Amino acid sequence: MQKQAIFQSKLLPYALVAPQLAIVLIFFYWPAVQAVIQSYLLQDAFGLSTSFVWFENYLELFKDPAYFTAIVRTFVFSFAIAISSLSFALLLAVMADKPLRGSTLYRTLLIWPYAVAPPVVGVLWVFMLHPSLGVLSRYLRTLGVDWNPLLDGDQAALLIILAAAWKQISYNFLFFLAGLQSIPKSVIEAAAIDGARPMRRFWTVIFPLLSPTIFFLLVVNIVYAFFDTFGIIDTMTRGGPGKATETLVYKVYTDGLLGGNLGSSAAQSVILMVIVIMLTAIQFRFVERKVTY
């Protein structure tokens, strides 16, 4: 017999769900609605005068070449962060899944970085790779590398990608390790008996069975790269040098809070939300077909 939850009162299930629904409505849906409304308004920085301008904020954005540059830069950052963090996390998970002495300690240490807040991650990487104070910068100079992310936009972009990917590796590692441990050992042993070498066993047996985990993490990592890298960028480069690290989410902040253009900032946030929704829908529509459940 399958057990069924029985509530004495019909209102009790709704009362249990109500706090979570209230949090979602207040902190997610209500700000989203406010952003959509604000995107149709032209308002000064102090909120003293407001006028309804329909789609003028959106049209001004689409006429701005710098905005399209920020879109391309955001896509490059997002895919670079997602691919690098997923690849390295999978490598670490495969190594940690082996029966090694002290493997529990290794796994715990690999999970710790996820507890570090994004601004703290930015501070840590700035101290390591600061052109004059960084510990790693000294080794780069001894190798003949002219490292100065304060002036070189490409180096600053690389620094952001490294810091953001390092922050997300622990999260990906945790899911990859759980996915590896859920694969039946009998399947891997059968492939070994058939003569498949370790690399062939990984690509033909283990990797396809990990595809649901990979698909989930791909969606999560792209959303993370689009939104949660704000703290890292703000701490490390503030969008510089020369806006070389200004992504869409940071441009929303600079145009709205620093520039005082609230209508344009709201329109950018709406477009950013639409882009993420479209990317997620595309992944579910096309990428999920290759997932083996």
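When reading the values below, keep in mind they use all heavy atoms of this one structure, side chains included, and skip hydrogens, waters and symmetry mates. The model shown is predicted, which means the values in this text are computed figures rather than measured ones.
When all heavy atoms of Pro241 and Pro149 are compared, the closest pair comes out as CD-O, 3.6 Å. Summarising the geometry of Gln168 relative to Asn221, their closest heavy-atom pair is CG-OD1, 3.0 Å, with the distance given to 0.1 Å. Heavy-atom minimum distance, Tyr67 versus Leu61: CB-O, 3.7 Å. Across Ala225 and Thr229, no two heavy atoms sit closer than the pair O-OG1, 2.9 Å. Scanning all heavy atoms of the two residues, the minimum distance from Ala163 to Met236 falls at CB-SD, 3.8 Å. Summarising the geometry of Gly153 relative to Ala244, their closest heavy-atom pair is CA-CB, 3.5 Å, with the distance given to 0.1 Å.
Tyr40 OH to Trp54 CH2: the interatomic distance, rounded to the nearest 0.5 Å, is 8.5 Å. The structure places CD1 of Ile169 at 13.5 Å from CG of Leu174, a figure rounded to the nearest 0.5 Å. The structure places CG of Asn261 at 7.5 Å from CG of Leu42, a figure rounded to the nearest 0.5 Å. Atom CZ of Phe175 is separated from atom OG1 of Thr213 by 8.5 Å, given to the nearest 0.5 angstrom. Atoms CG and CG, on Leu86 and Leu217 in that order, are 6.0 Å from each other to the nearest 0.5 Å. Distance check: Met95 CE to Leu90 CG gives 11.5 Å after rounding to the nearest 0.5 Å.
Note on Trp203: it clusters hydrophobically with Leu218, by side-chain heavy-atom contacts below 4.5 Å among ILVMFWY residues. Under the 4.5 Å side-chain contact rule for hydrophobic residues, Ile233 and Leu257 share a cluster. By the rule that hydrophobic residues join a cluster once side-chain heavy atoms approach within less than 4.5 Å of another member, Phe216 and Ile214 end up as members of one cluster. Linking Ile, Leu, Val, Met, Phe, Trp and Tyr residues whenever their side-chain heavy atoms come within less than 4.5 Å leaves Val252 and Leu41 in two separate clusters. Residues Ile83 and Ile160 do not share a hydrophobic cluster, defined by chaining ILVMFWY side chains whose heavy atoms lie under 4.5 Å apart.
Relative ring orientation between Trp166 and Trp125 is described as perpendicular, the plane-to-plane angle rising above 60° on a 0-90° scale split at 30° and 60°. Under the 30°/60° scheme for interplanar angles, the aromatic rings of Tyr253 and Phe230 are found to stand perpendicular.
Looking at Ile206 and Leu180, their side chains come closer than 4.5 Å, going by heavy atoms from C-beta outward. Proximity of Phe207 to Val94: side-chain heavy atoms (C-beta onward) are nowhere separated by under 4.5 Å. Between Phe77 and Leu248 the shortest side-chain heavy-atom distance does not fall below 4.5 Å. With contacts defined as side-chain heavy-atom distances shorter than 4.5 Å, the pair Ile232/Pro118 qualifies. Put simply, the side chain of Ile188 reaches to within 4.5 Å of the side chain of Ile183, judged on heavy atoms. Side-chain contact between Phe227 and Leu272 is present, with heavy atoms from C-beta onward closer than 4.5 Å. With a 4.5 Å cut-off on side-chain heavy atoms, Phe68 and Phe62 count as touching. Using a 4.5 Å heavy-atom threshold, the side chains of Glu56 and Leu59 count as separate.
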Kindly indicate, with the supporting measurements, whether the criterion side chain to side chain contact (heavy atoms under 4.5 Å, CB included) is fulfilled by Gln34 and Ile37. CA-CA 5 Å; Gln34 288 292 100; Ile37 296 174; 4.1 Å; yes

Residues Tyr14, Leu21; criterion side chain to side chain contact (heavy atoms under 4.5 Å, CB included); working and verdict: CA-CA 10 Å; Tyr14 300 100; Leu21 290 178; over 6 Å; no

Under the side chain to side chain contact (heavy atoms under 4.5 Å, CB included) rule, what do Gln38 and Asn57 come out as? Steps first, then yes or no, please. CA-CA 10 Å; Gln38 184 71 45; Asn57 291 321; over 6 Å; no

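Shown are Phe79, Phe75, Tyr250; of these, the ring pair (Phe, Tyr, Trp, His ring centres under 6.0 Å) with Phe226 is made only by Phe75. Arg73 pairs with exactly one of Ile71, Thr69, Val76 by the side-chain contact (heavy atoms from CB on, under 4.5 Å) rule, that one being Thr69.
Between the side chain of Asp228 and the backbone N or O of Val223 there is no donor-acceptor pair closer than 3.5 Å. The closest donor-acceptor contact from the side chain of Asp152 to the backbone of Asn148 lies at 3.5 Å or more, if one exists at all. No donor-acceptor pair closer than 3.5 Å links the side chain of Ser87 to the backbone N or O of Ser84. Side chain of Thr280 to main chain of Val276: a donor-acceptor pair is present (N/O by atom type, distance under 3.5 Å, no hydrogens or angles). Looking only at distances, no side-chain donor or acceptor of Ser265 sits under 3.5 Å from a matching main-chain atom of Leu262. Looking at Ser137, its side chain does come within 3.5 Å of a backbone N or O of His130 through a donor-acceptor pair. Formation of a donor-acceptor pair under 3.5 Å by the Ser85 side chain with backbone atoms of Ala82 is found in this model. When atom types are taken as modelled, the side chain of Gln155 and the backbone of Asp146 share a donor-acceptor pair closer than 3.5 angstrom.
The side chain to side chain donor-acceptor pair (under 3.5 Å) search around Tyr58 returns Ser39, not counting sequence neighbours. With sequence neighbours left out, the salt bridge (charged side-chain N to carboxylate O under 4.0 Å, His left out) criterion links Lys63 to no other residue.
Ring pair Trp112/Tyr114: centre-to-centre distance not below 6.0 Å. Taking the centre of each ring, Phe176 and Tyr171 stay at or above the 6.0 Å mark.
Counting non-hydrogen atoms of neighbouring residues, nucleotides and ligands closer than 6.0 angstrom, the CZ atom of Phe52 exceeds 12 such neighbours. More than 12 heavy atoms of other residues, nucleotides or ligands shown are found within 6.0 angstrom of CZ on Arg141.
Here salt bridge (Lys or Arg N to Asp or Glu O under 4.0 Å) pairs that include residues 234-259, with residues two or more places apart or in two chains, are Asp234-Arg238, Lys251-Asp255.
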